[in-house]
There are 2 protein chains.
Amino acid sequence: MGVRKTRAAETQAALKEAARRQFAERGYLNTKITDITAAAGRATGSFYDHFSSKEELLQALLADMREKARDQIGAGDGHPPHDLTDPDQLREHLAIAWHLMRDYRPVMIALLESAMAAGPGAGEMWRRLIEDTRVLREHLEHLRDTGHRLPGDPELVAAAMGGMLSMLAYALLGGDTRSGRSDDEVIDTLTQLLLYGIAGPGGSGAA
Amino acid sequence: MGVRKTRAAETQAALKEAARRQFAERGYLNTKITDITAAAGRATGSFYDHFSSKEELLQALLADMREKARDQIGAGDGHPPHDLTDPDQLREHLAIAWHLMRDYRPVMIALLESAMAAGPGAGEMWRRLIEDTRVLREHLEHLRDTGHRLPGDPELVAAAMGGMLSMLAYALLGGDTRSGRSDDEVIDTLTQLLLYGIAGPGGSGAA
DNA sequence: GTCTATATCGCGATAGAC
DNA sequence: GTCTATCGCGATATAGAC
């Protein structure tokens with residue numbers, strides 16, 4: 001390929017970009033193939049020259065996301081935090097996750113809706129929850145192995161935290177600015193909640 | 001109506017029961033009207049003599065659930081807990097919620113899928129999250145008003161907790177026995193996590 | 001590769017006999 | 001009220017000219 005994109009590549013990119021916009025606005029399940037092609041300014045039939053289905057397109061978007069995310073993290077100042085009982089490190093961890101979900105909102109939305117559309121019997125939701133919180137689980141296991149007492153099994157705790165994040169992100173990052181809550185408020189609140197719980201740092205903190 | 005159910009009432013009950021079974025197995029979105037009538041052993045057309053749509057049927061199931069739940073709670077020993085910083089009271093609160101979700105799993109599943117199918121732009125998910133955690137929010141506000149320091153705004157904290165519960169319930173209570181986790185393990189873990197967070201009671205608990 | 005036109009199909013919803 | 005039969009629509013997917 002030369003410096004100039006081929007027309008085919010342009011179309012594929014247009015379809016992806018249109019899909020991202022539609023997924024964020026109307027949701028993955030509500031978006032029809034024709035919505036995507038129309039938004040991309042292409043004919044319906046062209047879709048199938050690039051993707052065999054909506055699901056495959058989603059996988060392509062996911063691959064793009066992973067690539068970009070890897071670059072971003074690589075460009076960061078180092079490794080993610082490892083001691084989640086440190087307020088700053090936990091907050092940083094949550095902030096990265098939250099901003100990632102915001103930046104790749106269309107894909108996040110689509111993956112969640114897709115997993116849910118599979119139905120509960122498929123176990124797809126639990127599988128995704130476990131997979132997406134793998135790193136978090138490892139950090140928790142590290143804590144446990146260094147003598148820290150956890151609320152429960154690392155996998156379950158990680159899944160609970162991940163589920164909370166996903167749900168809030170879906171509900172709050174939907175459409176445009178929802179319910180007037182800033183990213184910082186959400187991140188701060190989650191940090192406090194997950195670090196000390198409702199009872200607070202000393203178990204009896206006062207206003 | 002006499003002591004003996006009319007045939008119509010039987011059909012309606014059969015449709016509801018079949019719907020519950022289908023929702024729990026295949027999920028709400030995957031379940032077609034014809035799946036319900038077939039499972040109920042009735043003709044397709046009969047469905048519309050009782051419900052005008054799948055959504056309306058869901059509302060009927062929800063009404064049934066609320067009625068039964070009211071009876072159950074009324075039969076309980078009193079009021080739900082009000083001091084959520086007390087371990088026993090928080091655990092009791094979570095246990096009630098968890099068992100309610102287990103007992104009415106088909107409806108819970110359906111409501112969640114339905115809200116998600118509306119897409120993120122509709123704000124339906126956030127609306128439901130707020131609505132379903134109203135009581136929890138009030139308890140948190142009470143705590144705050146009596147001088148306790150909360151992790152953040154009561155509405156947001158309540159929504160976060162509710163989202164965590166919903167997501168875990170959907171993922172874990174799906175199909176049949178999933179991933180071999182007992183109700184008690186989940187409830188205990190959530191109690192510890194939400195009460196003290198990851199850092200633990202003293203902020204530096206050891207194994 | 002891209003387009004227009006159309007085949008195909010699942011499924012919601014209705015009509016009308018019983 | 002319940003049934004059988006069917007209509008109608010929306011959406012996926014394909015055919016074939018350009």
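Per chain, numbering begins at 1; letters A, B, ... match sequence-line order.
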Practice task
With heavy atoms under 4.0 Å as the rule, sort B:A8 into base, sugar-phosphate or nothing.
Solution key: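 Sugar-phosphate contact only - B:A8 comes under 4.0 Å of backbone atoms but never of a base.
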Problem - Among D:dT2, C:dC11, D:dT12, the nucleotide that comes nearest once only the side chain of A:K32 is considered - result: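 Nearest to the side chain of A:K32 among the choices is D:dT12.
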Handout entry: Nearest to side-chain heavy atoms of B:A43, which nucleotide of C:dG12, D:dT4, D:dA13
Key =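 When the side chain of B:A43 is considered, D:dT4 is the closest of C:dG12, D:dT4, D:dA13.
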Exercise for the section: Decide, yes or no, whether a salt bridge links B:R137 with B:E141 under the criterion of side-chain N to carboxylate O below 4.0 Å. Expected result: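 Yes, B:R137 and B:E141 are salt-bridged.
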Nearest-angstrom distance from the residue atom [atom1] of [X] to [atom2] of [N]:
X	N	atom1	atom2	answer
A:F47	C:dT2	CZ	P	13 Å
A:R42	C:dT4	CZ	P	12 Å
B:Y48	D:dA5	OH	P	18 Å
B:N30	C:dG12	CG	P	12 Å
B:K54	C:dA13	NZ	P	10 Å
B:D49	C:dA13	CG	P	14 Å
A:R26	D:dA11	CZ	C1'	13 Å
A:I36	D:dG10	CD1	P	19 Å

Practice task
Please determine if a side-chain N or O atom of B:T34 lies less than 4.0 Å away from the OP1 or OP2 oxygen of C:dC11.
Solution key: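 So the side-chain polar atoms of B:T34 never come under 4.0 Å of the phosphate oxygens OP1 or OP2 of C:dC11.
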Practice task
Using a cut-off of strictly less than 4.0 Å, decide whether B:T11 has a side-chain nitrogen or oxygen near OP1 or OP2 of D:dG1.
Solution key: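 No, B:T11 has no side-chain N/O under 4.0 Å of OP1/OP2 on D:dG1.
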Problem - Sub-4.0 Å heavy-atom contacts from residues 13-20 of chain A onto DNA chain D, ordered by number - result: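 None, since no heavy atom is under 4.0 Å.
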Problem - Polar contact flag, side-chain donor to acceptor under 3.5 angstrom, B:Q22-B:Y28 - result: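 No, no side-chain donor-acceptor pair sits under 3.5 Å.
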Problem - Donor on one side chain, acceptor on other, B:T85 and B:D83, under 3.5 Å - result: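 Present: a donor and an acceptor within the cut-off.
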Handout entry: Main-chain N/O of A:K32 paired with A:D35 side-chain donor or acceptor, under 3.5 Å
Key =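 Checked: pair present.
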Practice task
Check whether any side-chain heavy atom of B:R105 sits under 4.5 Å from a side-chain heavy atom of B:Y170, and report yes or no.
Solution key: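 No, too far: nothing below the 4.5 Å cut-off.
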Problem - Candidate list B:H82, B:H99, B:H139, test ring-ring contact (aromatic ring centres under 6.0 Å, His included), partner B:H93, passing option - result: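 Single ring-ring contact (aromatic ring centres under 6.0 Å, His included) partner of B:H93 among B:H82, B:H99, B:H139: B:H139.
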Handout entry: Contact summary for B:P151 and A:G197, nearest pair of heavy atoms
Key =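 So the minimum-distance heavy-atom pair works out to CG-O, 3.7 Å.
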